[in-house]
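To start, the structure itself, in structure tokens.
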Amino acid sequence: MNIELKNVTHKYGSYVAINDLTTTFNEASISMILGPNGCGKTTLLKYLINHCEEYGNSMAYVPQETTGSLNTTVRDVLSLGRYNKSKFYIRETAEDKRIIDEVIAEFGLEDFLSRNVDTLSAGEKQRVFIARAIIQDADWTLLDEPTANLDVKYADKLMRIIKDHRSRGKSFVIVIHDINLASLHADNILLMKSGVKIASGAPSEALTLTSLKSAYDIDFISADIEGHKVFINSVGN
Amino acid sequence: MLKLRDAATGIKIIISLIVLVVVMLISCCLGSVRIPIPDIIKTLTNSEEISKATRTIILQVRFPRIIMSALIGGSLASIGAVMQGLFKNPMADASVLGISSGSALGATIMMVSGVSFSVFGITGNYLGAIVGAVVTWLIVYNIARISGDYDLNTTLLAGIAISSIFTAIITVIMTMNKDRLEQIYLWMLGTFSNSTPSKTLIMSIVVLILMPILIIIAPRIDVLKLGKEAAKGLGVSSSSSSAILLTVSSILLAFCVANSGIIGFIGLIIPHCVSFMRVYKMRSKLIMSFLVGAIFTVICDTIAKTVAAPGEIAIGAITSLIGAPYFLYLMLTGLRRERKMR
């Protein structure tokens with residue numbers, strides 16, 4: 001089922017974070033939300049997860065950063081992805097174990113399963129927490145800047161994994177800063193500014209020089225490279 | 001691999017249980033009268049060979065106190081584990097909620113008011129401590145949900161503020177009632193010497209009801225560590241889970257403080273010791289913290305009552321004197337290990 005937001009407004013006190021937003025996130029596709037800092041991207045993701053009862057119960061969420069000491073092993077964190085599959089969460093079933101092992105292999109986490117999460121680097125942590133969300137096997141997975149701490153290789157690997165899960169009918173809503181990554185991998189784009197929608201639709205429609213200029217207040221230039229549209233901000237012009 | 005790890009935790013729990021029983025038996029031997037272990041076992045199996053006096057010492061004096069110290073040490077350690085997990089802060093323990101200060105205030109007021117009664121072993125101080133704790137928790141809890149949803153950070157700040165207000169009031173009461181100074185001060189230092197069979201029975205029932213609740217919902221703490229929204233996706237509400245966990249912990253703590261006064265350090269260090277034993281999952285961690293906390297406290301109390309016999313050293317002093325150096329040792333070896341890995 002698609003998620004249809006109609007005239008959603010969200011405030012923090014008197015500050016309006018999302019202002020009268022109407023948009024649709026399609027099922028079995030990758031939707032990416034772009035926009036300048038503080039434009040309401042993260043608030044929108046939190047809005048979705050906090051209203052997950054209305055939009056279908058099954059949602060997984062990974063914040064930009066998981067703060068504080070977790071003081072537990074990587075394997076234990078991954079296992080939490082199966083928490084809501086059993087009533088008292090006493091032990092992993094064979095099915096749980098199969099799914100966890102699959103995702104461990106997908107993300108290449110074999111080498112640090114027994115390490116304490118607190119001792120991992122930011123990028124390693126991010127891979128673990130995203131893997132945890134994939135293990136949850138929810139219909140919708142919401143990721144807040146999943147590639148922020150990842151190097152090019154792992155960012156690419158993550159996109160492959162996400163596309164693979166989309167082809168199995170899973171839906172993703174991803175907040176991202178990299179315009180070209182979005183242009184290359186997203187099925188749908190939502191471009192925001194100050195809590196308001198600037199543009200939405202397929203990357204080719206939503207990401208234009210005009211829409212980007214009005215979202216970020218800077219000039220962009222674009223080029224076609226092997227059929228892909230690439231944007232660069234024209235520094236100093 | 002997972003099964004292996006589960007089994008390892010199981011073995012650690014069984015070993016701790018055995019150690020606890022042994023420590024309790026040894027503690028029962030020691031005291032102003034030394035009683036050999038076979039006599040203790042004979043008493044427990046209701047053998048007729050044991051003199052009435054010995055039987056009374058074991059059943060009416062030593063066992064209630066040993067069981068009480070085990071129950072309270074275990075509870076304090078488990079509550080500490082809950083706090084550290086929930087607040088994601090290694091420095092958190094039961095004292096951050098202000099409950100201990102509330103209990104102390106309640107007990108202090110009863111001590112200076114001169115009201116004294118005893119029903120089924122329950123004295124005025126005891127009741128004052130429970131009421132003080134419950135009132136404190138209600139204040140902190142209601143401040144923490146003032147913005148609508150129950151909030152953990154507000155809990156922490158409100159708890160610390162309330163705690164310092166109450167401590168100040170106790171100081172004022174103490175200076176105004178110099179004749180009761182010693183009684184209040186000794187109560188606050190903590191002791192198990194007031195344990196009676198009936199009090200121990202009540203504490204056992206409280207632990208038997210509340211600990212299973214904590215153990216059953218403990219995995220929610222693991223889930224909450226992922227963040228409020230991620231937990232929501234897994235069907236765990238941060239506000240209601242925190243409210244349940246903290247309320248249960250507060251009631252348990254209220255009974256601990258009512259029985260033994262304020263005993264520091266157990267709630268802070270034992271969960272760390274359990275982490276050093278590589279037990280991380282909250283459910284196993286709570287069980288292990290309970291057992292290790294119980295062992296530690298029984299040992300400390302045995303020292304407290306034997307070293308300066310027939311007098312006693314305050315249990316709080318012993319837990320810190322033994323606990324703090326051990327904690328430093330664990331921390332230093334941990335740091336050294338980390339440096340080697342780098």
Side-chain angles (χ1 to χ4, degrees), chain A residues 13 42 45-53 57-92 96-97 100-101 110 113-119 128-129 132-133 135-136 138 140-142 144, chain B residues 1-10 81 84-92 147-149 152-153 212 215-239 241 271-272 274-276 278-285 334 337-338 341-342:
Chain A
T42 298
L45 278 197
K46 287 187 179 174
Y47 179 88
L48 290 175
I49 189 87
N50 286 323
H51 292 78
C52 61
E53 286 90 356
N57 261 318
S58 177
M59 277 192 192
Y61 180 94
V62 182
Q64 219 170 91
E65 198 186 357
T66 302
T67 50
S69 156
L70 271 85
N71 195 16
T72 191
T73 63
V74 170
R75 184 61 177 74
D76 288 344
V77 168
L78 297 178
S79 163
L80 289 176
R82 307 303 294 170
Y83 174 81
N84 57 347
K85 310 294 177 203
S86 67
K87 193 150 187 202
F88 289 109
Y89 185 70
I90 288 175
R91 63 173 57 242
E92 284 170 11
D96 291 339
K97 206 175 157 344
I100 295 172
D101 287 343
E110 295 88 346
L113 288 179
S114 58
R115 274 180 65 188
N116 191 324
V117 194
D118 294 347
T119 66
V128 171
F129 290 120
R132 197 286 304 157
I135 285 169
Q136 194 179 329
W140 290 83
T141 303
L142 316 180
D144 198 347
Chain B
M1 180 189 149
L2 186 84
K3 273 198 178 143
L4 239 167
R5 270 181 345 131
D6 278 353
T9 306
Q84 287 170 13
L86 209 50
F87 291 107
K88 290 212 265 183
N89 184 335
M91 294 303 296
S147 62
D149 269 353
L152 276 177
N153 286 332
I215 290 168
I216 288 170
I217 57 179
R220 289 198 198 178
I221 302 173
D222 294 311
V223 176
L224 284 172
K225 286 179 181 175
L226 297 172
K228 212 162 138 183
E229 284 79 19
K232 168 86 178 162
L234 285 163
V236 174
S237 146
S238 165
S239 55
S241 301
H272 288 288
V274 172
S275 296
F276 290 128
R278 303 185 69 80
V279 176
Y280 297 116
K281 282 187 184 176
M282 280 314 292
R283 189 174 275 154
S284 323
K285 195 166 183 177
R337 202 186 314 140
E338 241 171 63
M341 276 172 70
R342 239 179 262 156

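Here is how names work: the chains are called A, B, and so on, in the same order as the sequence lines, proteins then strands, and each is numbered from 1.
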Under 4.5 Å from any heavy atom of chain A - which part of B/Val236: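 For B/Val236, the contact with chain A is made by the side chain alone.
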Let me confirm one number: the [atom1]-[atom2] distance from [X] to [Y], rounded to the nearest 0.5 Å.
{"X": "B/Arg220", "Y": "A/Leu80", "atom1": "CZ", "atom2": "CG", "answer": "14.0 Å"}
{"X": "A/Tyr83", "Y": "B/Asp222", "atom1": "OH", "atom2": "CG", "answer": "9.0 Å"}
{"X": "B/Lys285", "Y": "A/Thr72", "atom1": "NZ", "atom2": "OG1", "answer": "8.0 Å"}
{"X": "A/Lys46", "Y": "B/Lys232", "atom1": "NZ", "atom2": "NZ", "answer": "14.0 Å"}

Taking the side chain as every heavy atom from C-beta outward, state whether [X] and [Y] have any pair of such atoms under 4.5 Å apart.
{"X": "B/Leu234", "Y": "A/Arg82", "result": "no"}
{"X": "A/Pro63", "Y": "B/Lys228", "result": "no"}
{"X": "A/Asn116", "Y": "B/Tyr280", "result": "yes"}

Heavy-atom pairs under 4.5 Å with chain B, option from A/Val62, A/Thr66, A/Val77 with the top count: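 Answer, by heavy-atom pair count under 4.5 Å with chain B: A/Thr66.
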Distance-minimising heavy-atom pair for A/Gln136 and B/Gly233: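 Heavy atoms of A/Gln136 and B/Gly233 come nearest at NE2-O, 2.9 Å.
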Closest heavy-atom pair and its distance - B/Lys281, A/Ser79: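 Scanning both residues, the minimum pair turns out to be NZ-OG, 4.2 Å.
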Check: B/Lys88 side chain, A/Thr67 main-chain N or O, donor-acceptor pair, under 3.5 Å: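 Yes; at least one donor-acceptor contact below 3.5 Å.
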Heavy-atom donor-acceptor pair, B/Lys225 side chain to A/Leu70 backbone, under 3.5 Å: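 Flag set: sc B/Lys225 to bb A/Leu70 pair under 3.5 Å.
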